[in-house]
**Q** 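The structure follows.
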Amino acid sequence: MKQGKLSRRITWRVIGIMSFFNVLIIGAILVSVFIFSVGNSSTRGLYVTDGISGNIETVLHVAKTAVFNNRIDVEANMDSPEQIFDALDQILQVNYNLAGCFVALEPEYFKDQGRWFEAYVYHSDSTHIGRQQIGSAQHDYFNGAWYQQGFSLERNDNGYLTDLYYDNTVNSGMFCSYVVPIFNRQGRKVGVYGVDLSLDWVNMAIQETLRSVKKEFMVDTETSSNIDDEIYFSIQIVDRKGNRIAGSDSLDISILKGEQETVNGDLDMKSLKGTPYYINTKQLGQTGWTLVVFQHRELVFYWGVVLALFIVLCMGIGAIIIFFFTRRSIRRATKPLGFLSESAQEVAKGNFDAPLPTFKHNDEVAQMRDSFGTMQQSLKQYVEELKESTAAKASMMSELNVAHNIQMSMLPKTFPAFPNRKDIELYASLTPAKAVGGDLYDFFIRDEKLYFCIGDVSGKGVPASLVMAVSRTLFRNISAHTDKPKHIVETMNVNICDGNDNCMFVTLFVGVLDLQTRWLYYCNAGHDAPYLHDALLPCDSNLPIGVTPDIEYSEQETTIAPDTILFLYTDGLTEAKNGDRELFGEQRISDIIAAYKGTSPQELIETITAGVHQFVGDTEQSDDLTMLAFRTMDI
């Protein structure tokens, strides 16, 4: 029964893993199909837009070339209206793509022609060229934008390409014109000269491209691509205002004014009546027109969806076949594990000598059996070693507790420290980061003088605690014979340097306070400056003791006003860190001291201790925390 459950569990786990990766593979295939289809659609759109825009720009270039190349001939034949008509006729005979060409002159250029003279030559049919003077009060070209814009240009300027307009002066239809100014022999600007392009050439370019697309991409043009009232492929040209001027009218051009989603750098997607269309757009040179190619979503993704469905179907059939073969193979492979499980249960009960089964094949199961045999021997040895290590650890912890008690017993910890005196209040605390630490403080009164010190040994643990014990003993012994903090620190430095092979040092602050005059003498050896009331006590920057024996330390002095607290601490206070690795810092100490002005030293230290605990939260203490404070009283 257990064996069957294991085989089913492994089977379903294998199938689950295979299914998971199949889903990933299918997802990757679908994404690839999407990217490929969109890329193919983008390529198709670019092919169309580039083809049409190329044709349009070619025609525009021909028109521009015709204007600039023949302007000199036109300017050389402006002595009479007939010469102008002949010059325009010659231009039109060799430029079949032009609908017409014209010269419009300034008012009363030819006195006998009246105020208006606009010579216009045009293709009346496929074989004949017509001539007509079309300037009149009804056709007042002086107020036309094409004339005013063209006349405002200079000779070296590019010409002016007009927007599309409807004209029925000669041949009714949609036209655009390319206009340049013309000058007489004296160099004076006298009118404009230009050519007309019919919209028919734009539609011809679109139809030519649609035929090319049908042949190249097997996509029908609009007359054969309406399926269920939906357009699958369409080409349109719109003007600056978004109005359609050429191409298919089967799609509502207002789609261009709606929201759109950018698919890639060349392809956008819009929705028309709930149907997504992929759209390519391109600006057509200087015309201000925009060429738009619409591709229905089904056209974009048709072959990609068919390919994806075929791949998914094949993978599904393969997964079913793999499931049955995998299940059968796993059931046979897991059968020996049942025998090994029974032997393992005996070992688990403590019978380390229980016999293990043997197997014919030297595979992973056989290796597991050998591992179980090795484990039996290792467990027996481990149990014995565990008993020994547990006893040794208990002994070590007991010794560390004893060392902690001895270290703490070396420091004065009975408070109030001087219950019989009314002129001094003193309180101190030390919290080691480990069982034993390297911080120290000490104080005593001799000859009406308060001797005190606070220090921090480099490092932590047992080595630091030993140096701490030596430093505290040296302080007591030396300060019993001198009341000069400078001599105390220098003598301690010489003794600590002697035999200091581990190069350990101690930051130390030593002070002697005359209780009758309240005059304080102090010497700082690389320690943090204490707070006198709510400001730092000025301290010289001396080296810590234990660095080198030939240092001469400086001694300073100051007076302490009645009811003023002197607060000393180690860097375990300022460098206490919270969970965000922020430091407690000096500013928080200063704020607490200022807020608790007039309190006792014990209340101040307990308040700061509570503030540190609240700040660090559950973060493990990283350094010893030591504080000492006293207040002089006016009696």
Side-chain angles (χ1 to χ4, degrees), residues 51-78 81-105 117-135 139 141 144-147 149-151 153 155 157-182 191-209 237 239 245-247 284-289 291:
I52 294 178
S53 64
N55 289 338
I56 293 176
E57 290 176 2
T58 298
V59 173
L60 291 177
H61 180 72
V62 170
K64 180 178 179 180
T65 302
V67 168
F68 281 98
N69 287 349
N70 295 284
R71 179 166 59 174
I72 296 177
D73 292 338
V74 171
E75 292 174 339
N77 292 277
M78 293 201 309
E82 190 64 28
Q83 286 182 335
I84 293 177
F85 277 114
D86 291 342
L88 296 178
D89 188 289
Q90 293 179 4
I91 295 172
L92 204 61
Q93 288 180 8
V94 295
N95 291 277
Y96 303 103
N97 292 328
L98 304 179
C101 54
F102 57 89
V103 170
L105 298 176
F117 179 79
E118 181 182 356
Y120 187 70
V121 178
Y122 57 94
H123 289 288
S124 58
D125 54 39
S126 60
T127 59
H128 295 86
I129 295 177
R131 300 182 176 189
Q132 188 171 342
Q133 199 287 107
I134 59 177
H139 182 63
Y141 56 84
W146 59 272
Y147 181 85
Q149 290 289 341
F151 195 81
L153 300 176
R155 174 172 292 277
D157 293 337
N158 286 324
Y160 169 67
L161 181 66
T162 69
D163 290 333
L164 202 67
Y165 61 90
Y166 178 79
D167 185 60
N168 60 357
T169 304
V170 179
N171 293 325
S172 298
M174 299 297 293
F175 297 90
C176 67
S177 303
Y178 197 88
V179 184
V180 296
I182 54 176
V192 299
Y193 151 63
V195 298
D196 287 343
L197 297 173
S198 173
L199 186 63
D200 293 341
W201 63 272
V202 177
N203 287 318
M204 289 175 57
I206 292 176
Q207 292 301 322
E208 180 182 349
T209 303
I237 297 178
D239 60 16
I245 58 177
L284 297 179
Q286 303 177 3
T287 63
W289 304 343
L291 176 64

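Remember, it's a predicted structure, so these values are computed and weren't measured experimentally.
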**Q** I'd like to know if the side chain of Tyr178 reaches the main chain of Leu60, judged simply by a donor and an acceptor atom lying under 3.5 Å from each other, with no hydrogens or angles considered.
**A**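 Here the side-chain-to-backbone pair does not exist.
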**Q** Considering all heavy atoms of both residues, which atom of Ser198 and which atom of Phe175 are nearest to each other, and what is their separation?
**A**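 What the structure gives for the nearest pair is CA-CD2, 3.8 Å.
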**Q** Any salt bridge (charged side-chain N to carboxylate O under 4.0 Å, His left out) pairs touching residues 87-100, not counting sequence neighbours?
**A** Asp89-Arg131
**Q** From His139 NE2 over to Gln132 CD, what is the distance, rounded to the nearest 0.5 angstrom?
**A** 9.5 Å
**Q** With a 4.5 Å heavy-atom cut-off, do Tyr122 and Asp196 have their side chains touching?
**A** no
**Q** Would you say that Leu197 contacts Leu98 through its side chain, given a criterion of any heavy-atom pair below 4.5 Å between the two side chains?
**A**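 Side-chain contact under 4.5 Å: yes.
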**Q** For Phe102, run the side chain to side chain contact (heavy atoms under 4.5 Å, CB included) check against Val121, Ile134, Val179, Val195 and tell me which one passes.
**A** Val179
**Q** Where is the tightest heavy-atom contact between Ala104 and Trp146, given as atom of each residue plus distance?
**A**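 Smallest interatomic distance, heavy atoms only, reads CB-CH2, 3.9 Å.
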**Q** So, using salt bridge (Lys or Arg N to Asp or Glu O under 4.0 Å) as the criterion, who are the partners of Asp157 when residues are at least two apart?
**A** none
**Q** Search all heavy atoms of Leu105 against all heavy atoms of Met78 and return the closest pair with its distance.
**A**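 Smallest interatomic distance, heavy atoms only, reads CD2-SD, 4.1 Å.
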**Q** Quick one: does Tyr141's side chain have a donor or acceptor within less than 3.5 Å of a partner on Phe117's backbone?
**A** yes
**Q** Just by distance, do the side chain of Ser177 and the backbone of Thr162 share a donor-acceptor pair under 3.5 Å?
**A** no
**Q** Nearest 0.5 Å, please: how far is CG in Asp73 from CZ in Arg71?
**A**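 Those atoms lie 12.0 Å apart.
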**Q** Nearest heavy-atom pair of Gly159 and Phe68: which atoms, and what distance?
**A** N-CZ, 3.6 Å
**Q** Given side chains that start at C-beta, do those of Lys64 and Leu161 come closer than 4.5 Å, heavy atoms only?
**A** no
**Q** So, Gln133 side chain and Glu118 main chain: donor-acceptor pair closer than 3.5 Å or not?
**A**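 At least one qualifying donor-acceptor pair exists.
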**Q** Kindly give the heavy-atom pair with the smallest separation between Tyr193 and Ala66, and that separation in Å.
**A**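 Taking every non-hydrogen atom into account, OH-O, 3.4 Å.
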**Q** Do the side chains of Ile91 and Asn95 get nearer than 4.5 Å, heavy atoms only?
**A** yes
